[in-house]
Structure formats: structure tokens, C-alpha cells
Amino acid sequence: MSTFRKITFTIITIGLFAFNAAAQTPYRQFGIKAGLNIANVNTNLSGYTTKDIAGGSVSLTFDRVHFRFLTVGGEFNLVQRGYSNSIMLTDSVGTQLGIADIRNKFNYFSVPLKLGVQLGNRAYIFGNVAFVPGYLLKAIAETPVLDASGQIIDYTWQDATSTAAQFELSTQIEVGVGVTKAKRYKFYLSAAKQQGWTNLFNNPASAFDFKSTGIIISTGMKFEFGKGLLR
């Protein structure tokens, strides 16, 4: 074998060894994030208009980073979804008091399972896609109370958990930017688009087919464990 071929063979061997070593020593990122979910629904009812509502979202996060850029991970997440719709309120004799919005809120515990990429170090960008199974904790319908002039003076709420589906499945796409401080602390801002695939309500005979949708704006922090730790 010529000297050139020996050198080439040696370089390739070292490169493959280094690549394999990197693949076998992924590092981890643990963190927490919180944000605002602008939630609504997609519905099959023609002429039925819904409006956005604002809900909260908070998560504990975990990512395992392979090849220094590929992330595989999950979250333990509490999130509020829902929508509002307008109704005509009347008094006891049928006199119309005015139009008001009922706020329908669905609180879930969910476990997003994520696959994504993360590029950069001191300043970095990332993105992931997630499959999100959710378990319903509580569903609430908030109805406004109007005075004689049609002004909202209070809200009453009704537990609607029994009419809502216990489980929900959705998918999510998230992108974000961040910075790394002190080599291990990663701070970031992200935006995620969520789309439900199952009906929010549990009556299979019902004509109502409401699937959740939302935009989640979050800020978070991750702590990075170096190669070889927690293997």
C-alpha cells in the first residue's frame, strides 16, 4: 500500500472512530419552561364561530442529544386548551340582555414525545416535532353574568368534565432560539404550533367534532450534562 493510501486509510479510520465515540456518548439536557397558549378549535359545524382564549403551559423537559445535534426527548406538561363562543343572554322572562362569550377550558396533563435538531453552542437554534398524548384533568365552562344594562359583572362556572373526552391526541411543531451561559445553562424562547386529532367531547353520536389547536409561546432553561454522565 502506498504512503498516500496509508495516510488516507488512517484518517478515515480515526474519523470513523471519533464519530462512533461521539455517537456512543450522548449528553443530556434537563429543564423547565413556561408560557402562554393561545388556544382555539377546528370544528365541522358550518357557521359556528369560535374565538381564541389564553391559557397557561408549564413543563419539565428532558432531551438526549446524539451526534451533537440530534435531540430525542420528552416533557411532563400541564396545559390549558379551549375556546370561547358567543351566546345571547336573557333574563327570567326572556328579555335579551346582550351577547356574551362562554369560555370553555380544558386542562390536560400531557407527555409530548419529541424528535428534533439543535444547532450551535453559545448561540443556538432548535426545532422539534412531537406526538402529544394528553389526559384530561378538568373541563370548565365559564358563563358571564350581566347586569340590566348588559355589562359583565361576574362569571359563573360549571364543571363540564363529564361531557369531555378523557384522552386527547395531538401533534406539535416547535422552533426556538437560545443562548448558553456558563457552558451548561441554556436559556431560550420558543414558539410551538399544536394541532389536535381527536374530538374534545366524548359522545361518539354527537355532531360536534371539535379538535384543539393553539400557538404556545414559551421561555425556558435547560441544564446540560456533559458526555459520559448519567449513561
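Hydrogens, waters and symmetry mates play no part in the numbers below; they use all other heavy atoms, side chains included.
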Salt bridge check, [Y] against [X]: does any charged N sit closer than 4.0 Å to a carboxylate O?
X	Y	answer
D63	R28	no
K211	D209	yes
E75	K33	yes

So, [X] and [Y]: side-chain donor and acceptor under 3.5 Å apart, yes or no?
X	Y	answer
N128	Q118	no
T50	N85	no
S190	E174	yes
S59	N77	yes
S212	Q194	yes

Considering non-hydrogen atoms only, spot the tightest contact between [X] and [Y] and give its length.
X	Y	result
T43	Y48	CG2-O, 4.2 Å
G196	S170	CA-CB, 3.5 Å
L36	A54	CD1-CB, 3.8 Å

Residues, nucleotides or ligands: over 12 heavy atoms within 6.0 Å of [X] [atom1]:
X	atom1	answer
K193	NZ	yes
I217	CD1	yes
F223	CZ	yes
Y135	OH	no

Tell me, please, whether [Y] has [X] positioned over its six-membered ring: NZ or CZ under 6.0 Å from the ring centre and within 45 degrees of its axis?
X	Y	answer
K222	Y188	yes
K186	Y124	yes
R81	Y108	yes

Item to complete: Determine, using ring centers only, whether F30 and F62 are less than 6.0 Å apart.
Response: yes

Worksheet item: Members other than V132 in its cluster, when Ile, Leu, Val, Met, Phe, Trp, Tyr link by side-chain heavy atoms under 4.5 Å?
Response: none

Discussion item. One pair to check against side chain to side chain contact (heavy atoms under 4.5 Å, CB included): S218 and L189. What are the steps and the verdict?
Written reply: CA-CA 6 Å; S218 300; L189 179 68; over 6 Å; no

Worksheet, complete the sentence: Residues passing the side-chain contact (heavy atoms from CB on, under 4.5 Å) test with K138, sequence neighbours excluded, are N107, I140, W157, D159, T161

Discussion item. When you group the ILVMFWY residues by side-chain heavy-atom contacts below 4.5 Å and let the links chain together, are F167 and L78 in the same group?
Written reply: yes

Discussion item. When you measure from the side chain of N202 to the backbone of S162, do you find a donor-acceptor pair of N or O atoms at a distance under 3.5 Å?
Written reply: yes

Fill in: Under 3.5 Å: donor-acceptor pair, side chain of N40, backbone of T213
no

